[in-house]
**Q** 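I'd like to ask you about the structure that follows.
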2 protein chains.
Amino acid sequence: MQIKYSTSKENYLKAIFHLQQENKNVTTNALAEALQTKPASVTDMLKKLKEQKLLLYEKYYGVKLTAEGKKVALQIIRKHRLWEYFLVEKLAFGWEEVHEIAEELEHIGSKKLIDRLDDFLGNPRVDPHGDPIPDSNGKIEPFKQVALSDYKINKPTIVRSIGNQSVEMLELLKHKKILIGSKLEIKNKFDFDLSLEIKIANQSPITISDQLAKNIFVQND
Amino acid sequence: MQIKYSTSKENYLKAIFHLQQENKNVTTNALAEALQTKPASVTDMLKKLKEQKLLLYEKYYGVKLTAEGKKVALQIIRKHRLWEYFLVEKLAFGWEEVHEIAEELEHIGSKKLIDRLDDFLGNPRVDPHGDPIPDSNGKIEPFKQVALSDYKINKPTIVRSIGNQSVEMLELLKHKKILIGSKLEIKNKFDFDLSLEIKIANQSPITISDQLAKNIFVQND
DNA sequence: AATAAAATTTAGACAAATCTAAAAAATTAA
DNA sequence: TTAATTTTTTAGATTTGTCTAAATTTTATT
Ligand SMILES: [Mn+2]
Ligand SMILES: [Mn+2]
Ligand SMILES: [Mn+2]
Ligand SMILES: [Mn+2]
């Protein structure tokens with residue numbers, strides 16, 4: 001409990017956690033890509049993390065977080081998302097600006113700090129991109145969402161989160177006034193390019209590409 | 001402008017700045033003591049900082065910050081004190097708890113973050129310990145203060161800052177209800193042990209040791 | 001001024017995290 | 001099921017920041 005790991009190790013655990021969530025066997029190359037480093041460096045670090053029992057690792061086979069490794073990852077993610085919320089809600093940053101700063105803030109150690117921050121912010125459940133914020137014990141409430149590209153037509157729903165969270169994507173959505181919480185409805189699906197005509201509450205209809213629609217997740221209950 | 005220095009280098013610059021302020025020639029041993037490291041490590045780092053033109057250093061002689069070195073130090077101090085203010089005023093931490101956390105937060109890079117934080121906090125001029133907060137350009141307003149032990153008798157004044165800021169000291173002051181901004185007056189000076197009898201507004205008179213009085217700084221206009 | 005003591009620097013080593021180039025293993029394709 | 005390709009690991013370096021022990025320089029004392 002509450003051992004301090006290096007920033008680098010925390011980043012590895014977080015990246016492994018995210019890759020595990022999305023799918024599949026977490027490969028050395030995928031980690032190198034995610035962490036902007038070289039495969040050889042990943043192998044080195046995996047050995048160290050295995051040594052510390054933060055993950056299971058057999059060479060040439062994949063890697064899997066232990067309960068402890070998962071716990072650490074979730075604490076980092078909690079911190080990341082709470083700081084993002086703080087930056088947007090209290091310091092008026094745009095949602096496309098906060099990820100980079102949160103990448104630094106998430107490594108600040110104090111547990112008391114983050115719990116106080118959580119209270120100060122009113123215990124938000126999701127971050128500015130709609131991603132769930134783990135509670136103090138690392139628990140996340142799962143929710144039912146679906147990509148807008150897979151959603152039914154003429155059935156109002158609400159934007160819940162964003163897939164690709166690149167700065168470019170977030171700026172585009174800001175421009176199109178598609179925000180977390182926006183109420184919208186698909187009016188038309190065009191088979192030629194799979195583009196969608198959507199209507200956001202109180203706005204005129206707009207067209208969005210399939211690529212965009214695949215990265216907008218909406219409520220599906 | 002805005003090159004990123006390592007946490008370690010930032011800490012060296014800050015420590016050198018503080019020692020320079022207090023007095024004298026900044027020695028290798030003094031730095032080792034301040035940074036909780038060994039003199040040999042200090043020498044190593046001084047060479048690197050000289051290389052980067054952050055300070056002037058001739059071996060066996062002292063060390064002195066360049067304008068650039070001073071600028072970096074002041075930015076770190078600005079961040080440290082703004083974060084301390086945030087922790088006390090927004091997250092309800094005690095003034096004895098915040099230094100340690102601010103030691104980490106002060107190394108977060110974003111300039112925009114700190115300027116936004118400054119505005120969010122209402123551009124405070126002093127931190128929770130009464131120390132002045134440099135502005136965005138690194139300027140500090142100097143002010144006229146004197147140790148309570150050197151202050152005149154029967155002349156009301158106001159507590160402005162604290163010298164020794166150890167956790168023990170801050171806890172003692174909290175216990176005695178001596179805070180930044182407290183209005184008080186020396187009622188008696190006892191020659192035997194140089195202890196003082198003081199009266200804080202709306203409280204009964206209390207006695208404080210000379211050691212304590214030397215570390216309480218009051219307005220002197 | 002010579003000697004002793006203290007402060008500072010150098011030499012050599014180490015841990016953490018990274019890299020490049022080469023070797024080994026696994027996967028895919030012929 | 002070989003051969004080619006891709007993935008992963010190993011070997012050996014490098015950088016940053018630190019350390020201990022020994023050498024050097026400065027400062028203080030006789
Ligand atoms: Mn983020
Ligand atoms: Mn986010
Ligand atoms: Mn402090
Ligand atoms: Mn302070």
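Below, chain A is the first sequence line, B the second, and so on; all start at residue 1.
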**Q** Can you tell me if A:T27 touches the phosphate of D:dT7, counting only side-chain N or O atoms and a distance under 4.0 Å to OP1 or OP2?
**A** no
**Q** Which residues satisfy the side chain to side chain contact (heavy atoms under 4.5 Å, CB included) test with A:I140, sequence neighbours excluded?
**A** A:L74, A:P132, A:P134
**Q** Please tell me if A:K59 has a side-chain N or O lying less than 4.0 Å from either OP1 or OP2 of C:dA26.
**A** no
**Q** Below 3.5 Å, can you tabulate the donor-acceptor pairs from side chains in residues 26-44 of chain B to any protein atom, sequence neighbours excluded?
**A**
{"unit_1": "B:T27", "atom_1": "OG1", "unit_2": "B:A30", "atom_2": "N", "d": "3.0"}
{"unit_1": "B:T43", "atom_1": "OG1", "unit_2": "B:P39", "atom_2": "O", "d": "3.3"}

**Q** Under 4.0 Å between any heavy atoms, over every strand shown, what does A:T28 touch: base, sugar-phosphate, or nothing? Just pick one.
**A** sugar-phosphate
**Q** Do any N or O atoms of the protein come closer than 3.5 Å to N or O atoms of nucleotides 18-23 of chain D, and which pairs are they?
**A**
{"unit_1": "D:dT18", "atom_1": "OP1", "unit_2": "B:S8", "atom_2": "OG", "d": "3.4"}
{"unit_1": "D:dT18", "atom_1": "OP2", "unit_2": "B:S8", "atom_2": "OG", "d": "3.1"}
{"unit_1": "D:dT18", "atom_1": "O4", "unit_2": "B:D44", "atom_2": "OD2", "d": "3.4"}
{"unit_1": "D:dC19", "atom_1": "OP2", "unit_2": "B:T37", "atom_2": "OG1", "d": "2.5"}
{"unit_1": "D:dC19", "atom_1": "OP2", "unit_2": "B:K38", "atom_2": "N", "d": "3.2"}
{"unit_1": "D:dC19", "atom_1": "OP2", "unit_2": "B:S41", "atom_2": "OG", "d": "2.5"}
{"unit_1": "D:dC19", "atom_1": "N4", "unit_2": "B:D44", "atom_2": "OD2", "d": "3.2"}

**Q** With the side chain of A:K47 defined as its heavy atoms from C-beta on, choose the nearest nucleotide among D:dT10, C:dT10, D:dT26.
**A** D:dT10
**Q** How many whole angstroms separate atom CD of A:E33 from atom P of D:dT6?
**A** 17 Å
**Q** May I have the step-by-step check of side-chain contact (heavy atoms from CB on, under 4.5 Å) for A:L173 and A:I216, ending in yes or no?
**A** CA-CA 9 Å; A:L173 290 172; A:I216 298 171; 3.9 Å; yes
**Q** What integer distance in Å separates B:E10:CD from D:dG17:C1'?
**A** 15 Å
**Q** Any side-chain hydrogen bond (donor to acceptor under 3.5 Å, both in side chains) involving residues 118-134 of chain B? Give me the pairs, sequence neighbours left out, ordered by first then second residue.
**A** B:R78-B:D118, B:E84-B:H129, B:D118-B:N123, B:D119-B:N123, B:R125-B:E141, B:D131-B:Q165
**Q** Counting only side-chain N and O atoms of B:N29, is one of them less than 4.0 Å from OP1 or OP2 of C:dT8?
**A** yes
**Q** Give the rounded distance in Å between these two atoms: CD of A:E58 and P of D:dT7.
**A** 22 Å
**Q** Against A:H99, only a single residue in A:E97, A:E96, A:E103 fulfils side-chain hydrogen bond (donor to acceptor under 3.5 Å, both in side chains); can you say which?
**A** A:E103
**Q** From CG of B:N25 over to C1' of C:dT8, roughly how many Å is that when rounded to an integer?
**A** 13 Å
**Q** Nearest whole angstrom, please: distance from the P of D:dG17 to the CG of B:L13.
**A** 11 Å
**Q** Who are the side chain to side chain contact (heavy atoms under 4.5 Å, CB included) partners of B:L121, not counting sequence neighbours?
**A** B:L82, B:Y85, B:F86, B:K90, B:L117, B:P124
**Q** Rounded to the nearest angstrom, tell me the gap between atom OH in B:Y57 and atom P in C:dT10.
**A** 6 Å
**Q** Whole-Å distance between C:dT18 C1' and A:L49 CG?
**A** 14 Å
**Q** For B:R116, enumerate each residue passing the side chain to side chain donor-acceptor pair (under 3.5 Å) test, keeping only those at least two apart in sequence or located in another chain.
**A** none
**Q** Report the distance from atom CG of B:L31 to atom C1' of C:dT8, rounded to the nearest whole Å.
**A** 12 Å
**Q** Need to verify one output field. Residue with the more 5' nearest nucleotide on DNA chain C, A:Y61 or A:K9?
**A** A:K9
